[in-house]
Amino acid sequence: MNKKLSEVQNRSPGGRSMAPPKAAGELNAVQLETDLLKRWADEKTFQTSIDVRRNGAPFIFLEGPPTANGKPGIHHVVARTYKDLVCRWKAMEGFLVERKGGWDTHGLPVEIEVQKRLDLMSNEAIEAFGMAEFNQACRESVWTYEAAWREMTERMAYWVDLDNPYVTLDNDYVESAWWALKQMFDKGLLYRGHKVLPFCPQTGTSYSSHEVALGYKEVEEPSVYVKFKLTDDDASILAWTTTPWTLPGNVGLAVGPEVTYVRCRIKEAAGEHWEGAGGADVGEEVILAKDLMKEVLRHHVDIVDEFLGADLVGRSYEPLFPGAVPKGDSTTAWTVLEADWVTTTDGTGVVHTAVMYGEDDYNLGMEAGLPAHHTVAMDGSFVTGTHPELDGRYVKACDETIISLLSSPKGTNGKGPESGLLYREKAYAHDYPHCWRTDHPLLYYAMDSWFVRMTAVKENLLNFNDQVEWAPDWVGEGRFGEWLRNVKDWAISRERYWGTPLPVWRSESGEMKCVGSIKELQEEVARAVAAGIANPDCPDDVDLHRPIVDGFKLLSDSGEVMHREPFVMDCWFDSGCASFAQWHHPFENEEVFNASFPVDYICEGVDQTRGWFYTLLAVSTTVFDQPAYKRCLSLGLILDAEGKKMSKSRGNIVDPWDHFNREGADATRWYMVTAGAPWNPMKFDPNGVRETYAKMFLTLWNVYKFHADYAALDGFDPEASTVPVAKRPALDRWVLSRLGTVANDYHENFVNWQFHKAGRDLEDFVVNDLSNWYVRRSRRRLWDEADSNDKRSCQHTLHEVLLTVCRLVAPVAPFMVDEIHRNLTGASVHTAPWPAGVPGSLEGATSDDWDEVAAKATATLPPTDPELEATMALVRELAEAGRRIRIDGNRRQRLPCAQGWIVAGPDLSEFHDLLAEELNVETMLVENDLDRFQRIELAPNFRALAPKARSTVNEVAQAIRTAEDPEALLQAINAGGAEVLGVTVEASDVDVKRVERPGFAAQTVEVPDADGASLHVSLVLDMNDSPALLSKGMARDITRRVQAQRKAMDLELEATIDLEVWMVNGPTMEEADEAWVAAETRCAGCVFHPEGSTPPEGAETFEVDGTTVHFTVA
RNA sequence: GCGCGGGUGGCUUAGUCGGUUAGAGCACCCGGCUGAUAACCGGGAGGUCGCAGGUUCAAGUCCUGCCUCGCGCACCA
């Protein structure tokens, strides 16, 4: 860097608005970003970016609250990038976009973390430890990784207010949740029930369907075919189960009344291939569905009888485990029952029924009056009295014991067949629900629970879902819609400690009261105290958690004592309340809430479909009778570079900091957004981040550096001496037009959620159009030390293009573009307007409705000129064609050609100089006689030809393509139609291609013109040499070598040298060319020694086209 | 089992209404160009567009079946 530049670089940045930019230094992206973070903090740029849009229409974003008791990973960075980019974009569009942070702080994940740490692996252990102490530990544990989250969030530049977040454990938040529950209670949507629910013995709690959905895993387990011996008959009924542990609880067998069953007699002993335990004796008789005989039986049998299931109903059989279930006053226990849901798709067509451990079993049991008795305790072990060998053991560990008990002769009750009660065992692979936190298999278990009657509002759910704009749409219609159509009542209570307590008090006789606020609680407590029920104090700031709230006893309307139902809420209920609880609705902030419900935009991973996306809608539907959000972006899963799911156990988690500290957050974010559609699964390839950095950001920086360095040197003032666009050279007008086109497409893609397409196109513009063509072609324009119109045009153009590019990039990658924008304008890009317009700032605009025309008028984009863009595309094609010609003709690039001809196409005279320079041609000419260098080729146009030619289209096409004399054929066609193989071919049936004639150093390019039609333009180069050309070519080769040597010697740009040149077998150098070498290489002295002189030892040497050149630089 | 979304050179991907030569980037090889950046330009090699049928003059594209990956669903007893 020369002196002048370094002086400029050291100039203080303060107090400048539209002064000349500082020179740009070398890029250190990480340093640049961390410096900017400080600056944003100091200047409160985030807050300012909101404040400057204070009068804009609000655009409401709702943050899905993360849990801060786990480390943030790269998938969180992805989600936060999409949240951030939409908010930033909308803000730039002039909307007021406030972004409140949030934390999810209740629930199982927290409790389990604490349980592990304190070694409290059962509910008893927790209660022995003390619920208050335990919850205190939870309250603290919640913030374990808050700092890590904060650092990640700030470093990646996710702008969200973390200083005033909503926190689900706050009293205000809990109070709002209570209020919501009371609304449901009052509408009759909240009820207490006894149902079979998936239950985790380790965490001691049941789960709702959306939690169960999180934990399906494929497992292989023993399934068993069991003989149920009829009491009044020697035959046994076969039934199948995959859960042997439910067999002691068996109290019934269900058959399909319309299903055909058979009674079979075992004809001969089984073969040697018998696998596992079980068996049957010859002569023994079994009953099962006819359709399943082949599937089930492993013996040859005779069919003794055939009948419908209805005929079996009422038959009684011997209990498998006598005494495990007391019969009580049931008249139906251990008999055959009918159920229309019994099918013959698997099993035996007979369903073993254990009332307490299956949903259908339970319903059937209640209907038929079977005894409802638990054989399994809440900790997952068999209750005492089930069987001496099973009592107290964990049920899933008893499979083998149960199998061997059943296998013993005459069975467990001594009344079974001699061969035992087990017919067969079979390994069975199926998906089975597991605890999403502990991975333990869940047990279906009948228990008391609280439910929200979602089934009652199903129509509304579907309606409201239709109003949501989903991205992608198929998640809303398909996956989410499917879920809603099958909606079940929401089991919201948890037998746990750390969560929003269920605010329902209940008396012995079943009177209930739901409390909806602290004030109400105080009043109820006071009433109870007045009636003589002792109660602790209930101050205004009473902690709305267990065990405090458990301590309050209320008074029922009939005067009974009421105790709180000892449950906490599903923590998904908490986050489902976020849209209003974040504002402590309805107790505070009425205006804010009214203005921000429903919210405009939420965005989370697709795994939240059954999670947050659902609970938000579930709560808003039941409480407000409204949808909670208008737009929902559902993101695809993050996979590793191999396409595997990222998980701790696989060890393939990508740490975002690896990239923040190497390529920076800009490159990381831009990579993630351009890697694919947001909703598609993304293979995160660390190398892709590096590539993005090298291509997009390094290139952008160097374009900027090129501009800023010269702008600083020249004291360029973007507000002074502007050159009107119309007066600028075509190259400038071209890049501005491209910018306009690209920016409009970019905006269009944003609107359609196609952020990846937008980003890819813009990157292509920056790398290809801006850097590799505009800047490359403009470099010499800025070298000019004198002030000139041309130079100023270039500077203004660069300035304008860079500004707009910065603004377009800013929502996606907010760092580097801010640095650039600040240096160019003195203001942050994050307070700048969106180039495609600022609808949010329009009078009367709302987040989803504004005056399109007025919005367009606020755009700050240059006008587009499709014709100029098409022309430049052609020029670039021709430049590339020229290189191809030289390679084919074996003529090096630095050796000039005397002339080049452009054949056909539009007038390119404006670009002749540019082309001459690119192509290294002395004179560009236009050849008007097309036939001199071009010939015609005809290509069939199938779309037009096919309907006429029908099945002969291929032959006709071939005939057109291979016509002996295409010119003559074309003439005939144009003269009104030519007969080809019986088909009249007209002008519209063929495409005319003009290609170069063989024998010339020529290439033809095909480009679309502004109207989309094809242009065929040829370039021809004169490949003849002359002494003058050889001299010029050599001068360029020498110059290039000397420049390389200067660079190798690390000389200052302005340093002068002494150059001496010796040539062997060289061309005769012209004086002008020698002078040109001297000027280009900044020679103080320059000597070309005559042919035959001897160069000194150590001179640089190179060869070109048979000439050996030696030179020294001093 | 049912539903959704994928499968295009070694990798990442584009591909419109079906139109005859499937386009790009990375990596690789050869050459060129460069006071131009981790670059740029030209060329090369590398594709039975998951498989098999079908519709059609014509299929990566439409239809059917199958395979395979991912995700989701669940009265799997």
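Everything numeric in this text was worked out from a predicted model, so none of it was measured. Throughout, a chain's letter reflects where its sequence line sits, starting with A, and its residues are numbered from 1.
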Heavy atoms under 4.0 Å, any strand shown: does [X] hit a base, just sugar-phosphate, or nothing?
X         : answer
A/Glu880  : sugar-phosphate
A/Phe706  : nothing
A/Arg884  : sugar-phosphate
A/Thr952  : nothing
A/Arg1036 : sugar-phosphate
A/Arg961  : sugar-phosphate
A/Arg1040 : base

Interatomic distance where [atom1] belongs to [X] and [atom2] belongs to [N] [whole Å]:
X        : N      : atom1 : atom2 : result
A/Lys426 : B/rA77 : NZ    : C1'   : 13 Å
A/Asp745 : B/rU16 : CG    : P     : 17 Å
A/Asp764 : B/rG23 : CG    : P     : 17 Å
A/Asp685 : B/rU13 : CG    : P     : 9 Å
A/Tyr362 : B/rA77 : OH    : C1'   : 18 Å
A/Leu878 : B/rG42 : CG    : C1'   : 15 Å
A/Glu877 : B/rG42 : CD    : C1'   : 13 Å
A/Arg485 : B/rC4  : CZ    : P     : 11 Å

The side chain of [X] lies closest to which of these nucleotides: [options]?
X         : options                : value
A/Arg690  : B/rA38, B/rA77, B/rG5  : B/rA38
A/Lys993  : B/rA77, B/rU21, B/rC57 : B/rU21
A/Glu691  : B/rG15, B/rU34, B/rG25 : B/rG25
A/Ala946  : B/rA38, B/rC41, B/rG19 : B/rG19
A/Lys695  : B/rC40, B/rA14, B/rA77 : B/rC40
A/Asn954  : B/rC57, B/rC40, B/rU13 : B/rC57
A/Val351  : B/rC75, B/rA77, B/rU37 : B/rA77
A/Arg1046 : B/rG43, B/rG35, B/rU37 : B/rG35
A/Thr699  : B/rA38, B/rU37, B/rG19 : B/rU37
A/Trp483  : B/rA74, B/rC41, B/rG19 : B/rA74

task: For A/Asn680 and for A/Asn772, locate the closest nucleotide of RNA chain B by heavy-atom distance; then report the residue assigned to the nucleotide nearer the 5' terminus.
output: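 The residue mapped nearer the 5' terminus is A/Asn680.
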Ring centres under 6.0 Å, that's the criterion: do [X] and [Y] meet it?
X        : Y        : answer
A/His352 : A/Tyr225 : no
A/Trp701 : A/Tyr704 : yes
A/Trp245 : A/Tyr357 : yes

Face-on cation placement of A/Arg779 at A/Phe706 ring, 6.0 Å and 45° thresholds: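 That pair qualifies as a cation-pi contact.
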Determine the Euclidean distance between corresponding [atom1] atoms of [M] and [N]; express it in Å to zero decimal places.
N      : M      : atom1 : answer
B/rA58 : B/rG53 : P     : 16 Å
B/rC51 : B/rG60 : P     : 11 Å
B/rA24 : B/rA52 : P     : 27 Å
B/rG15 : B/rG54 : P     : 29 Å
B/rC63 : B/rA77 : C1'   : 39 Å
B/rA22 : B/rC67 : C1'   : 24 Å
B/rA59 : B/rG46 : C1'   : 24 Å
B/rG70 : B/rC17 : P     : 31 Å

query: Is A/Thr241 near enough to B/rA77 that one of its side-chain N or O atoms lies under 4.0 angstrom from OP1 or OP2?
result: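 No.
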- prompt: Is any side-chain nitrogen or oxygen of A/Arg894 closer than 4.0 Å to OP1 or OP2 of B/rU34?
  reply: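 Yes, because at least one side-chain N or O of A/Arg894 sits under 4.0 Å from OP1 or OP2 of B/rU34.
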Between A/Ser778 and A/Arg781, a side-chain donor and acceptor under 3.5 Å: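 Yes, A/Arg781 and A/Ser778 have a side-chain donor paired with an acceptor closer than 3.5 Å.
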statement: Output field dot_bracket for RNA chain B (Watson-Crick or G-U, both distances under 3.5 Å, | for other-strand pairs) contains (((((((..((((.....[...)))).(((((.......))))).....(((((..]....))))))))))))....
- request: Can you see which heavy atom on A/Ala491 is nearest to which on A/Leu197, and at what distance?
  value: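 Heavy atoms only, the tightest pair is CB-CD2, 4.1 Å.
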task: Kindly give the heavy-atom pair with the smallest separation between A/Arg891 and A/Pro896, and that separation in Å.
output: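 Closest pair (atom of A/Arg891, atom of A/Pro896, distance): NH2-O, 2.9 Å.
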A/Val255 side chain reached by A/Leu337 side chain, heavy atoms, under 4.5 Å: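 Result no, sub-4.5 Å side-chain heavy-atom pair not found.
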- prompt: Is any side-chain heavy atom of A/Arg886 less than 4.5 Å from a side-chain heavy atom of A/Arg892?
  reply: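 They are not in side-chain contact.
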- request: Answer yes or no: is there a donor N or O on one side and an acceptor on the other, between the side chain of A/Arg1046 and the main chain of A/Ala1055, under 3.5 Å?
  value: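 Looks like yes, one N/O pair under 3.5 Å.
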